[in-house]
**Q** 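Have a look at this one before I ask anything.
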2 protein chains.
Amino acid sequence: MSLTELLPITDLNDCCAPITREPMKADGAEKLARSLKALADPARLRLLSIVASHEDAEACVCDLTEPLGLSQPTVSHHLKVLVSAGYLNREKRGTWAYYSLAPHALETVSGLLGDL
Amino acid sequence: MSLTELLPITDLNDCCAPITREPMKADGAEKLARSLKALADPARLRLLSIVASHEDAEACVCDLTEPLGLSQPTVSHHLKVLVSAGYLNREKRGTWAYYSLAPHALETVSGLLGDL
DNA sequence: CGCTTATATTGACAATCGTCAATGCAATAG
DNA sequence: CTATTGCATTGACGATTGTCAATATAAGCG
């Protein structure tokens, strides 16, 4: 996945007309596929799920490395993919980086799948 | 994606308890990731969308090759991925193979994302 | 200033993926 | 039977991915 080309989830809203039964255009299909690819990894799904179940729905990298059983650079990499795709927000406070769920990102992509 | 290990979508229903705010287990994350990976490709999203917008929601390979601009073997490959993941059903009638949407597959995965 | 701690980046590697040309396999037509 | 048509499979190829070790950056502490 090329990180530099990821679009925020909000751009997905115009990937396809919501009600019509027309086939998806190539452009919309690529946008949606990019958003799904960012989600389609067990480590990233667990990261989202751990963040979601934390108090205040935020967590720092140190909270995430051990439960996943992956190295710290690998966790940082997955977090970057999720931020680039618009699923997570990143806030740096002091030495720590706190990740939190982006408000409607998951609902948006989930809704688009339902309309497919 | 290893085609032999794909599970039917129905198996996703026990990938994680629906309401709880517990982090996903590794096993459930892998199942859901496999289902999402099958979806996370522009050609496959367009295939689903074309099938969905057809009369009777079914189409043969000959209907699908030209609108995608991909070779026939490539289209057959993508269709196989979608069938293995449980998104499409395949019925052979005479020389033709007709693909149709599996009834609740997309809703299931879409619902799981919403609960994440 | 140097030392420690938390996170990010780089570079490498094996594994997987998407694609096509060539070929195989069934089912129908003649 | 042979020829044709629709689809599947195989094998190859470059491209992308997930992972880690090593290194870099940056913030706080002494």
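Please read these numbers as outputs of a predicted model, since none were measured by experiment.
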**Q** Given B:Leu47, which of B:Val81, B:Leu68, B:Asp41 fulfils the side-chain contact (heavy atoms from CB on, under 4.5 Å) condition?
**A** B:Leu68
**Q** Does B:Tyr99 put a side-chain nitrogen or oxygen below 4.0 Å from OP1 or OP2 of D:dA8?
**A** yes
**Q** With a 4.0 Å cutoff (strictly under), does any side-chain N or O of A:Lys80 reach OP1 or OP2 of C:dT9?
**A** yes
**Q** Any side-chain to backbone donor/acceptor pair from A:Asp115 onto A:Leu112? Under 3.5 Å, distance only.
**A** no
**Q** Could you check A:Leu39 against A:Arg44 for side-chain contact (heavy atoms from CB on, under 4.5 Å), going step by step and ending with a plain yes or no?
**A** CA-CA 6 Å; A:Leu39 231 43; A:Arg44 292 197 283 272; over 6 Å; no
**Q** Could you check how far NZ of A:Lys37 sits from P of C:dT16, rounded to whole Å?
**A** 17 Å
**Q** Distance check needed: C:dG18 C1' versus B:Leu45 CG, whole Å only.
**A** 14 Å
**Q** Working note: B:Glu107 + A:Leu113, criterion side-chain contact (heavy atoms from CB on, under 4.5 Å); need CA distance, chi angles, decisive distance, verdict.
**A** CA-CA 7 Å; B:Glu107 283 100 349; A:Leu113 285 187; over 6 Å; no
**Q** With a 4.0 Å cut-off, would you call B:Glu58 and B:Arg93 a salt bridge?
**A** yes
**Q** In this structure, how many angstroms lie between the P atom of C:dA8 and the CG atom of A:Leu82, rounded?
**A** 12 Å
**Q** Could you work out which one of D:dC7, C:dG18, C:dT7 sits closest to the side chain of B:Arg44?
**A** C:dG18
**Q** How far does NE2 of A:His78 sit from CG of A:Leu45, to the nearest 0.5 angstrom?
**A** 10.5 Å
**Q** Reading nucleotides 19-30 of chain C 5' to 3', which nucleotides get B (base under 4.0 Å from a protein heavy atom), which S (sugar-phosphate only), which -?
**A** BBBB----SS--
**Q** By the 4.0 Å heavy-atom rule, please label A:Tyr98 as base, sugar-phosphate, or nothing.
**A** nothing
**Q** Roughly how many Å is it from CD in A:Glu30 to P in D:dT16, rounded to a whole number?
**A** 12 Å
**Q** Specify the separation, in whole Å, of atom CZ of A:Arg90 and atom C1' of C:dT7.
**A** 7 Å
**Q** May I have the distance from B:Leu36 (atom CG) to C:dT16 (atom P), rounded to whole angstrom?
**A** 19 Å
**Q** Scan residues 58-67 of chain A against DNA chain C and write down, sorted by residue number, each residue with any heavy atom closer than 4.0 Å; if none is found, say none.
**A** A:Cys60, A:Val61, A:Cys62
**Q** Please state how far atom CZ in B:Arg34 lies from atom P in D:dG18, giving the value in whole angstrom units.
**A** 15 Å
**Q** Is it the case that the side chain of B:Thr74 and the backbone of B:Leu70 share a donor-acceptor pair, with hydrogens and angles ignored and the cut-off at 3.5 Å?
**A** no
**Q** Could you tell me whether the side chain of B:Tyr87 and the main chain of B:Ser35 form a donor-acceptor pair under 3.5 Å?
**A** yes
**Q** Here's one to test your reading of the geometry: is the NZ or CZ of B:Arg90 within 45 degrees of the ring axis of B:Tyr98 and under 6.0 Å from its centre?
**A** no
